[in-house]
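Computed from a prediction, not measured in an experiment: that's the story for all the values here.
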2 protein chains.
Amino acid sequence: MTAKTAATRSPKVPLSRERVLGAAIAVADTGGIASLTMRRLAQELGVEAMSLYYHVSNKEDVLDGMIDAVVTEINVLVDALEPNPDWRLALRERILTARQVFLRHPWAPGVLESRTGMSPPIVLYFDSVLELLRAGGFSYDLAHHGLHALGSRALGFTQELFDPGDDDYSGDADAALLEQMAEQVPHLVAMMMEISHDDPESTLGWCDDQVEFEFGLDLILDGLERSRERA
Amino acid sequence: MTAKTAATRSPKVPLSRERVLGAAIAVADTGGIASLTMRRLAQELGVEAMSLYYHVSNKEDVLDGMIDAVVTEINVLVDALEPNPDWRLALRERILTARQVFLRHPWAPGVLESRTGMSPPIVLYFDSVLELLRAGGFSYDLAHHGLHALGSRALGFTQELFDPGDDDYSGDADAALLEQMAEQVPHLVAMMMEISHDDPESTLGWCDDQVEFEFGLDLILDGLERSRERA
DNA sequence: ACCTGAACACCGTTCAAGT
DNA sequence: ACCTGAACACCGTTCAAGT
């Protein structure tokens, strides 16, 4: 009866950088990154917006801290993974584990890519990936190329260019629309029709992100292994 | 004496959607996407901010239009490319051509990834990529996987996770800093030292984006060719 | 030490009004 | 048809002032 709803609103426990960042992540997870304003964040913590500036220096600092928290979450998980003598399997498991964390924080890829510098947690993550590649017999030079080839996949995400949930081009696209597009983009239409024929359940919301992520990841890992053998 | 500086300021030629989008691209190219505000854009055109809303519906519409203009620029260039019987070489040239356009518009990758839906120019581009893959002997199913594996590389860009120009971790990082980091991230430091030893000119601003882009691209193209042969 | 009220300089956007 | 002045609801942020 006394406490209204969230435990976060209690004014007993004082604010701290950690509480601010935790609330920020919660807001972004729930309402998207666009909903994260300093005023909204303060409200979530039962405080005035100006109070936040005692614990964080500005909004950029909040975004930096949110990313560090997410990557730290990843580091804890991947550090607990059991070693695997096959570098490909070891790295694959690491990356897919990291991916799970990003799936819980859909705003994180966009924010991460908007940050310029490396923070300690990110540096730690990449160092551990490098360790894996070295143990797998990679030179530093090839490992370096490999990190670039993986790109954001090394951290467990790809920025999907198109939202399959978009109404305009997915889900309930009917035959009439397809026919209309067929003249100008015949291959795209043919591809969608063939795939939706093979799997009638998914008309145009046809991309299984997990499957596609693993396909691309394995393609790169296999390619790197071949490069390593050749070197 | 009469015309102040830019030809864009002349009030003779009336505003239009095209002029608004052109000015928006110019502003973003010059000052970065963060500098693009409706007021700044209006100022560039010698007009009040409210006038813009007669030609575009809102800022989202401006961003959509900017992307469409950039991708149209790409489509014109790649359509003029001479055909190549080797699908890998053909696609490689296409993608590297598209990349040149993105290098001129550094804001475009970020904006593109923030858009949800596909627009006609983007759909056209992907259809032409699909056409190339089909001509190279790909099934629609494998071509679809291939598009996902390429990700934004298919359009000619990768979102670099770290800005090599960042002062904190690049350029003039001295030996003392490296030594300090060596204990916690030994492989990263070893890699940077080895690479900077091989190429002393580039201490920590060591990543040649073009080389790395092509390495990753070729890795994926080769992997897709192998998948195609196996299928 | 920690929080806040009032205020500032900015946003995107609307709408009735001007020409 | 095309542009604008005034205004609204929102931002992030500062700073002197409160407890």
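A:H105 and A:E73 share a side-chain donor-acceptor pair at under 3.5 Å.
Shortest non-hydrogen contact noted between A:I67 and A:A108 is CD1-O, 3.7 Å. Scanning both residues, A:P106 and A:P109, for their nearest heavy atoms gives O-CD, 3.4 Å.
Contact of the A:D209 side chain with the A:L103 side chain is not registered, since no non-hydrogen atoms from C-beta on lie closer than 4.5 Å. Looking at heavy atoms from C-beta onward, A:M66 lies in side-chain contact with A:L36 at the 4.5 angstrom threshold. Annotation: side chain of B:F126 is not in contact with side chain of A:V185 (no heavy-atom distance under 4.5 Å).
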note = Dot-bracket for DNA chain C, 5' to 3', Watson-Crick and G-U pairs with both distances under 3.5 Å, [ ] for crossing pairs, | for partner on another strand, reads ||.|||||...|||||.||

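Here B:S51 lies in heavy-atom contact (under 4.0 Å) with a base. Using a 4.0 Å heavy-atom distance criterion, B:M38 is classed as a sugar-phosphate-only contact.
Listed for the B:T158 side chain is no donor-acceptor partner under 3.5 Å among the backbone atoms of B:R153.
Between chain B and DNA chain C, the heavy-atom contact criterion of under 4.0 Å yields a 5' to 3' nucleotide range of C:dC11 to C:dT14.
Using a 4.0 Å cut-off between a side-chain N of Lys or Arg and a carboxylate O of Asp or Glu, B:D29 and B:R104 do not qualify as a salt bridge.
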